Amino acid sequence: MAPTNSDIWTQSIMSSKCNDNMRRRFNDEQIKSLENMFETESRPELRTKQQLAKRLGLQPRQVAIWFQNKRARSKSKQLELEYRMLQISYDNLGSKYELLKKEHESLLIQLQRLRKLMEKDENEEIEKDVIKSETEVKQDDFAPEFGLPLCEDSRGIDYLGPESDILDMAQIADGLSEIENEYNFESRTFLHDTGCTSPLWEF
DNA sequence: TTGTGTTTTATTGCCTCC
DNA sequence: GGAGGCAATAAAACACAA
């Protein structure tokens, strides 16, 4: 009658305890063979493990345990690697954010300057209009057929382009502020919320 | 030499699958 | 219910600074 798996297991435990009570590290050749096997198959079948154990002069249980521990070590290293990648990715994102923040600040300053300029021009235009209308009132007294009615909004056409640009800039600035509020880069807590385990990171 | 930290081998207990 | 996997942990072996 052929021995069952549990028979082999028990036998393996008994012999490993009886042969030597001293725990010994595997030699270089054993480690090398086990590593090679692990590269091709991290979860070998029972028969494969038994054959390998026989070849290396180890108990099948020792080989099985070695594979279990190796899988655990491998997983741990992989996690460490993924964590480092994630950290690099986070740092890059932080740098980009800082650049955008500076750009945002300089745009706001630019916007302020342009608004002041606009206010100045508007005041000058109003003064001109007042002077102009006073002059025209006098001219109408002498030659009313040449007088054209002055439209208060006529000057607006000249400012339509630049003004709309400034409005756009203001909207962009407001948008950036919203983003800034939404993603607070002072905190790294969002890292803990990521459930990504993929080893395939793209930068 | 020795204390301490790290790595490796082994055990235990629990879980899932067939 | 047995087999095998995994996580957590123990314990031996090893490395190394003081």
Side-chain angles (χ1 to χ4, degrees), chain A residues 1-108 172-203:
Chain A
M1 184 184 161
T4 64
N5 286 340
S6 74
D7 288 342
I8 293 168
W9 212 245
T10 311
Q11 217 174 15
S12 162
I13 292 164
M14 292 303 287
S15 58
S16 70
K17 281 184 177 170
C18 295
N19 282 349
D20 54 354
N21 268 333
M22 294 290 286
R23 182 189 294 192
R24 295 220 177 89
R25 290 201 171 190
F26 301 162
N27 63 38
D28 291 349
E29 197 193 331
Q30 288 169 329
I31 297 288
K32 201 177 170 184
S33 296
L34 288 163
E35 295 273 6
N36 286 340
M37 176 63 78
F38 185 81
E39 272 183 34
T40 54
E41 179 60 69
S42 64
R43 278 192 200 87
E45 287 178 5
L46 180 66
R47 181 172 287 277
T48 314
K49 281 186 279 194
Q50 283 172 344
Q51 284 170 347
L52 190 62
K54 198 175 178 184
R55 188 159 64 80
L56 299 175
L58 294 168
Q59 298 302 320
R61 181 172 162 78
Q62 284 181 296
V63 172
I65 288 167
W66 186 90
F67 272 91
Q68 261 184 31
N69 287 326
K70 180 69 182 173
R71 282 195 293 272
R73 285 194 294 269
S74 181
K75 187 180 176 182
S76 164
K77 277 186 183 176
Q78 183 62 33
L79 277 173
E80 208 175 313
L81 188 71
E82 281 180 19
Y83 174 77
R84 266 194 246 129
M85 300 276 235
L86 197 58
Q87 208 164 25
I88 289 166
S89 175
Y90 169 82
D91 290 341
N92 286 341
L93 200 58
S95 304
K96 279 182 188 173
Y97 167 77
E98 285 303 324
L99 282 174
L100 278 174
K101 201 173 158 186
K102 280 177 186 168
E103 197 181 333
H104 173 214
E105 281 164 6
S106 85
L107 283 171
L108 279 178
I172 290 165
D174 291 343
L176 273 170
S177 297
E178 280 172 23
I179 291 166
E180 191 175 351
N181 292 334
E182 193 171 351
Y183 300 103
N184 179 12
F185 279 88
E186 298 306 316
S187 153
R188 292 193 172 201
T189 52
F190 83 93
L191 269 179
H192 303 295
D193 294 331
T194 60
C196 185
T197 54
S198 167
L200 302 169
W201 294 93
E202 289 181 11
F203 293 99

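Proteins get letters first, then strands, A, B, ... in listed order; numbering begins at 1 in each. This is a predicted model, so every value here is computed, not measured.
The side chain of A:W66 lies closest to B:dT9, out of B:dT9, C:dG4, B:dT7. The listed nucleotides are C:dA7, B:dT7, B:dT11; the one nearest the side chain of A:I65 is B:dT11. For A:K49, the listed nucleotide lying nearest its side chain is C:dG5; candidates were B:dA10, C:dG5, C:dA12. For A:F26, taking side-chain heavy atoms from C-beta onward, the closest of the listed nucleotides C:dA13, C:dG4, B:dA10 is B:dA10.
Nearest heavy atom pair, residue A:L56 against residue A:E29, reads CD2-O, 4.5 Å. Residues A:R55 and A:S33 approach most closely at NH1-OG, 4.0 Å, considering heavy atoms.
Here the P atom of nucleotide B:dT6 and the CD atom of A:E80 are 12 Å apart, to the nearest Å. Atom-to-atom, CD of A:Q59 to P of B:dT11 comes out at 11 Å; the value is rounded to the nearest Å. When rounded to the nearest whole Å, the span between CD of A:Q30 and P of B:dA10 equals 10 Å. Put simply, CG on A:N27 is 15 Å from C1' on C:dA13, counting in whole angstrom units. As rounded to whole Å, 6 Å separates atom P of C:dC14 from atom CZ of A:R25. When rounded to the nearest whole Å, the span between NZ of A:K75 and P of C:dC6 equals 8 Å.
Using a 4.0 Å heavy-atom cutoff across all strands shown, A:L58 reaches no nucleic acid atom at all.
For B:dT11, the OP1/OP2 oxygens have a side-chain nitrogen or oxygen of A:R61 closer than 4.0 Å.
Using a 4.0 Å cutoff on non-hydrogen atoms, the parts of residues 67-74 of chain A near DNA chain C are A:Q68, A:R71, ordered by number.
Annotation: A:D28, atom CG; neighbour count of heavy atoms from other residues, nucleotides and ligands within 6.0 Å does not exceed 12.
Classification of the A:F38-A:W66 ring pair by plane angle, with boundaries at 30° and 60°, yields perpendicular.
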Test side-chain contact (heavy atoms from CB on, under 4.5 Å) on A:M37 and A:K49; report intermediate values, then the result. CA-CA 10 Å; A:M37 176 63 78; A:K49 281 186 279 194; over 6 Å; no

Show your working on side-chain contact (heavy atoms from CB on, under 4.5 Å) between A:T48 and A:E41 and close with a plain yes or no. CA-CA 10 Å; A:T48 314; A:E41 179 60 69; over 6 Å; no

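A salt bridge is absent between A:K102 and A:E98: the closest approach of a Lys/Arg side-chain nitrogen to an acidic carboxylate oxygen does not fall below 4.0 angstrom.
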